[in-house]
Amino acid sequence: KSPIFEKMIYNYSDVNFLIGGSILRNRANFCLVILFVFFFFTGRASADTVRFDVAVVGAGSGGCAAAIQAARMGASVALIDETDWLGGQMTAAAVSTMDDKTLTRTGIYGEFIGNVRDFYSVWGHNVNVCYWGSDTIAFEPWAGRKILLDMISKSGNIVFYPNTKAVSAKVSSGRLQSAVFSSKGRELSISASVFIDATECGDFIPLTGAKYRSGNSISPKIDKDSVIQDITYVAVIRKYPNGLPEELKVTTPPPGYSDYLFDFRKMFRIDGNMWPGEYPFNVPSHNAYRAVPDPSNNAVIDGGNPDTWALITKTSINWANDYPGKKDDRGGLSVQFLESPSYRRDIERAAMAKTLCFIYYMQNELGMTDWSVDNREGYGSYFTNKWQDWDEMPERYGAILKHFPPYPYVRESRRIVGVKSMTVTDIIRDKELKRTLKPISDSIALGEYPIDIHGVQAIKYLDKDLAERAEDIPTDWQGDGGLFQIPMGALIPVKLNGLLAAEKNISVSRVVNGSTRLQPVTMLTGQAAGALAALSVQKKTDPRNIRVIDVQSVLLKAKAQLSVRKFEDVLDYSSSWPGVEASMLYNYMDADSEHTFGVYNEMHWIEVKDAFKRALHIKKFPQRELTAPVTVGEFKEWLRELYKKDIKRYEDIIDFMTDDDKPLTKGRLAVTVFNIMKAEPEKSGK
C-alpha cells in the first residue's frame with residue numbers, strides 16, 4: 001500500500017479520544033458526541049454524585065458487551081476503565097486472535113466479528129490468518145478498539161470514563177448503592193441501580209464486600225499459598241520491510257535472558273519443525289499461530305494454508321512467554337497477583353521482561369533481524385505497572401517497551417461466589433455430538449473452548465469446596481471442545497444485591513475458568529449481564545428477582561444462541577428460531593434428529609397436548625382425536641377456550657397467528673408455546 005494509505009490506517013487518534021483531559025484529532029463525528037457527554041457528566045460530578053441506571057466497571061470484552069446491550073435496551077450506562085483502551089484482553093492485552101472454535105459466533109460477539117470482517121474487507125484483506133486454520137478470526141488491537149468504539153457510540157446512552165479506577169464502594173441494607181472512582185487526582189462518585197464488575201482481575205468485587213474466590217480459597221480467608229493461571233505479556237510484532245529502526249533493536253540480552261534461553265530453544269529454532277509436528281517449531285509456524293492482518297501487506301494469507309505462512313508480516317508473541325511458565329507442582333503464579341498491588345506490579349514487570357527477552361531471541365537466534373514491536377498500534381499512554389519507574393530495567397529498552405500493551409493477558413481473575421457455581425461436570429461434552437448431554441433451562445450464554453489451564457492444576461490447587469475430582473478433568477485440552485451452557489446464577493452474587501459479574505469473574509471453578517475465560521464467552525456473558533441489568537432497571541427490582549425467561553427473550557431477540565443444539569432447517573433469522581431455542585432449553589418439544597428440528601412438520605393434537613403439558617403443565621385437554629391434524633384456526637380456537645378466564649393476557653399471541661386454514665407447523669407451535677410461557681404471570685426468579 002502507499003504511504004498515504006498507511007498514514008490513513010495507522011493515524012487513528014480518534015480512538016484515543018480522551019487522553020490527559022485533551023481532545024485529540026477525530027475522524028468520526030460520533031467521538032465528538034461521546035466527548036460532549038463525557039465532559040457534561042464529569043463537570044457535574046465535581047459537585048455531586050452522577051446517577052446512571054447501570055455502571056460497568058471495566059471496559060474489556062465483557063464490559064463493552066454489557067454496556068452495549070444495556071444501552072440498546074434504554075438504560076443509561078457508565079462505562080469505566082482504568083486505562084484509555086476499550087476491549088480488555090482482546091485489544092488492551094493484545095490477544096486479538098479469537099479463541100472461538102466457530103460455534104459461538106452469536107449475539108454481540110457474532111456482531112463484533114462480523115464488523116471485523118467488514119472492516120478489513122474494505123481494504124481487501126481477510127481475517128483468517130491465525131491458528132493454522134482457514135476459519136479463524138484475527139484483527140489488530142487498534143482496529144478492534146475502533147470497532148468497539150463504533151458499536152458503543154451507535155448504542156447511545158453510554159458515557160465512557162477512561163483513566164478512572166474504583167477506590168471504594170458504598171453498601172447499604174445489603175445493596176450496592178454507589179462507588180467512588182479516582183481519575184487524574186479527582187474523585188468521582190457514581191451511583192447506579194446495578195453495577196457490573198467487568199475488570200480483568202475482578203478488582204471491583206472486594207470493594208463491595210461480595211464473597212469471591214481467589215485461586216482455590218474464598219474471601220475473606222485467602223490462602224496465600226494458592227495459585228492462579230500464568231499471565232502473558234503479549235507484544236504485537238511486525239516485519240519492517242525497509243529495515244528495522246535502530247531504537248527497536250535489542251542489541252544486548254535483557255535481564256533474565258539466560259533463565260529463559262533453554263526453554264526458548266526447546267520451543268522454537270530457525271531449523272525447527274512445521275506445525276503440526278513436534279517441538280521445536282520453526283519461525284513460520286510461530287508467526288502463523290497468532291498472526292494478525294497487516295493492511296500494508298498485499299500478500300494473500302490463509303492461516304490454513306502453510307504455503308502462505310512465510311508471507312506473514314504481523315503477529316503476536318503469546319506462546320513461549322507465559323509467566324512464570326512452570327507446568328508442575330514446583331511453581332505457579334501466586335494469588336498475591338490478584339490480592340497485592342505491589343506484587344502484581346512486580347509480576348507484570350517480570351512478565352514484560354520475559355517477552356522482551358523473546359524479542360532478543362527472535363532477532364538474534366531466529367534470524368528475524370527485521371522484526372520488532374509494532375510501533376503503529378497506539379500503545380504507550382498508560383501502563384498498569386509503571387515500568388518507567390523500574391530501576392532494574394535499563395533505560396535503553398524504553399523505546400521498545402513503550403509499544404507494549406498497557407497490561408498483560410490475565411487468564412484467571414477473582415471469581416464471585418454466585419447463586420450457582422459451575423464445576424467441571426457442567427462442561428463435560430460428548431466428543432461425537434460436540435455438546436453437553438444434559439441441557440439446562442436457565443442458560444444465558446454459551447461456551448465452547450476446551451479446558452485450557454496455563455500453569456499448575458494439581459488437585460490440591462483446585463477449589464476445595466466444589467468437590468471436583470481429578471478423574472473428571474479432561475487431559476486432552478486440544479480436543480475440539482463443543483458447546484456448553486452458562487446459567488444465569490453464575491452472574492449473580494450469592495448475597496449482595498445490585499452487583500453482577502461479566503468477565504473472567506463469573507461463578508465458576510478454577511477448572512471451568514479454563515474454558516470460560518476466552519473472548520467469545522466473556523462477550524456473551526457480558527451481553528447477558530447487560531440484559532439482566534437493564535431488565536432490573538425496567539422492573540425496579542434486583543437482578544436476582546428477574547425471571548430467566550425474560551432475560552432469554554431479550555437475548556434471543558438479539559440473536560444470541562442459548563441452547564447447545566443448532567439445526568440445519570432453523571436459521572437464526574427465521575421467525576421460528578426463538579421458539580425452537582426455547583423448546584430445547586425447556587425440553588417441551590423433541591427434534592426430529594441431531595441436525596434437523598422438523599420446523600415445517602404438520603402438527604397433530606397429540607403433539608400439541610404433549611408440548612403444552614411439558615412446558616406449561618396443562619393437564620386439562622379437550623376430547624380430541626389425538627392423531628388428527630391441527631389447523632391454525634383450530635389451534636387458535638382451542639387457545640381462546642383454554643385461556644378464556646385471562647384472555648387479555650394471551651389475546652395478542654393468539655391473534656398474531658394468521659392463515660387459519662393452513663396446517664399448524666412444528667415451528668409455529670414452538671414459538672407459540674414460548675410466547676405463552678413469557679406471558680404467564682411472573683413468579684420471582686422463575
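Numbering of residues begins at 1 and proceeds along the displayed sequence.
Judged by distance alone, the side chain of Arg544 and the main-chain N or O of Ile492 form no donor-acceptor pair under 3.5 Å. Of the possible polar contacts, none joining the Ser76 side chain to the Phe52 backbone as a donor-acceptor pair under 3.5 Å is found. Checked by atom type and distance alone, the side chain of Tyr233 pairs as donor or acceptor with a backbone atom of Pro405 at under 3.5 Å. Panel note: side chain Arg415, backbone Val508; a donor-acceptor pair is recorded below 3.5 Å. Listed for the Gln527 side chain is no donor-acceptor partner under 3.5 Å among the backbone atoms of Ala65. In terms of modelled atom types and a separation under 3.5 Å, the side chain of Arg290 and the main chain of Ile317 share no donor-acceptor contact. Proximity of a side-chain donor or acceptor of Thr106 to a complementary backbone N or O of Gln561 within less than 3.5 Å is detected. Under a 3.5 Å cut-off, the side chain of Ser182 and the backbone N or O of Lys165 do not form any donor-acceptor pair. The backbone N or O of Pro520 lies less than 3.5 Å from no partner atom in the side chain of Asp100, so there is not a single donor-acceptor pair.
Of the listed residues (Tyr382, Tyr379, Phe160), just one forms a ring pair (Phe, Tyr, Trp, His ring centres under 6.0 Å) with Trp85, and that residue is Tyr379. Each of Leu499, Leu496, Asn497 was evaluated against Arg175; a single residue qualifies, Asn497, per the side chain to side chain contact (heavy atoms under 4.5 Å, CB included) test.
Judged purely by distance below 3.5 Å, without hydrogens or angles, the side chains of Gln519 and Asp99 pair a donor atom with an acceptor atom. Neither side chain, Ser183 nor Asn163, offers a donor N or O lying under 3.5 Å from an acceptor on the other. For the residue pair Asp53 and Ser193, no side-chain donor N or O sits within less than 3.5 Å of a side-chain acceptor on the partner. Judged purely by distance below 3.5 Å, without hydrogens or angles, the side chains of Ser342 and Ser340 pair a donor atom with an acceptor atom. Side-chain contact, Ser61 with Thr522: a donor N or O sits under 3.5 Å from an acceptor N or O. For the residue pair Ser178 and Ser191, no side-chain donor N or O sits within less than 3.5 Å of a side-chain acceptor on the partner. Checking Arg145 against Thr91 by side-chain atom types alone, no donor-acceptor pair falls below 3.5 Å. Judged by distance alone, the side chains of Thr384 and Glu348 do bring a donor and an acceptor atom under 3.5 Å apart.
By the 4.0 Å N-to-carboxylate-O rule, Lys146 lies close enough to Asp150 to be salt-bridged with it. The residues Asp426 and Lys420 are annotated as not salt-bridged, no charged nitrogen and carboxylate oxygen being separated by less than 4.0 angstrom. Between Asp452 and Arg517, at least one side-chain nitrogen of the basic residue sits less than 4.0 Å from a carboxylate oxygen of the acidic one, meeting the salt-bridge criterion. Remark: Arg213 engages Asp465 in a salt bridge, criterion side-chain N to carboxylate O under 4.0 Å. Under a 4.0 Å N-O distance rule, the pair Lys504/Glu200 qualifies as a salt bridge.
Two residues are said to be in side-chain contact when any heavy atoms from C-beta on lie closer than 4.5 Å; Arg547 and Leu535 fail this criterion. Considering only heavy atoms from C-beta on, Pro408 stays 4.5 Å or farther from Tyr323 through its side chain. Side chains of Arg349 and Asp389 form a contact here, defined as non-hydrogen atoms less than 4.5 Å apart.
Taking both residues in full, the closest heavy atoms of Ala501 and Ala529 are given as O-CB, 3.9 Å, listed atom of the first, atom of the second, then distance. Contact between Val171 and Thr208 at its shortest, heavy atoms only, is CG2-O, 3.4 Å. Considering all non-hydrogen atoms of both residues, Gly526 and Ala502 come closest at CA-CB, 3.8 Å. Ile68 approaches Met151 most closely through the heavy-atom pair CD1-CB, 3.8 Å. Nearest heavy atoms, Ser214 versus Ile222: CB-CD1, 3.7 Å. In terms of heavy-atom proximity, Leu562 sits nearest to Gln485 at O-NE2, 3.0 Å.
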Does Val511 form a side chain to side chain contact (heavy atoms under 4.5 Å, CB included) with Leu466? I'd like the steps, not just the answer. CA-CA 11 Å; Val511 175; Leu466 296 179; over 6 Å; no
What do the steps show when you test Lys354 against Asp230 for salt bridge (charged side-chain N to carboxylate O under 4.0 Å, His left out), and what is the final call? CA-CA 13 Å; Lys354 186 173 184 179; Asp230 293 346; over 6 Å; no
Audit row: Lys539, Asn545, side chain to side chain contact (heavy atoms under 4.5 Å, CB included) steps and yes/no: CA-CA 9 Å; Lys539 296 179 180 293; Asn545 299 324; over 6 Å; no
Kindly indicate, with the supporting measurements, whether the criterion salt bridge (charged side-chain N to carboxylate O under 4.0 Å, His left out) is fulfilled by Lys154 and Glu111. CA-CA 13 Å; Lys154 292 173 183 176; Glu111 181 183 340; over 6 Å; no
Would you please test Phe337 and Val410 for side chain to side chain contact (heavy atoms under 4.5 Å, CB included) and show each step? CA-CA 10 Å; Phe337 179 82; Val410 177; 4.0 Å; yes
Is there a side chain to side chain contact (heavy atoms under 4.5 Å, CB included) between Ile444 and Leu532? Walk through the geometry before answering. CA-CA 10 Å; Ile444 46 77; Leu532 179 54; over 6 Å; no
After noting the C-alpha distance and the side-chain angles of Asn321 and Thr232, does the key distance pass the side-chain hydrogen bond (donor to acceptor under 3.5 Å, both in side chains) rule? CA-CA 6 Å; Asn321 54 329; Thr232 302; 5.1 Å; no
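Among residues two or more places apart in sequence or in another chain, the side chain to side chain contact (heavy atoms under 4.5 Å, CB included) test is passed with Leu207 by Ala166, Ala169, Phe204. Looking at residues two or more places apart in sequence or on another chain, you find a side chain to side chain contact (heavy atoms under 4.5 Å, CB included) between Ala71 and Val77, Ser155, Asn157, Ile158. With sequence neighbours excluded, no residue satisfies salt bridge (Lys or Arg N to Asp or Glu O under 4.0 Å) with Arg345.
Between Phe383 and Trp387, the ring planes are perpendicular. Angles over 60° get that label, and only those under 30° would be called parallel.
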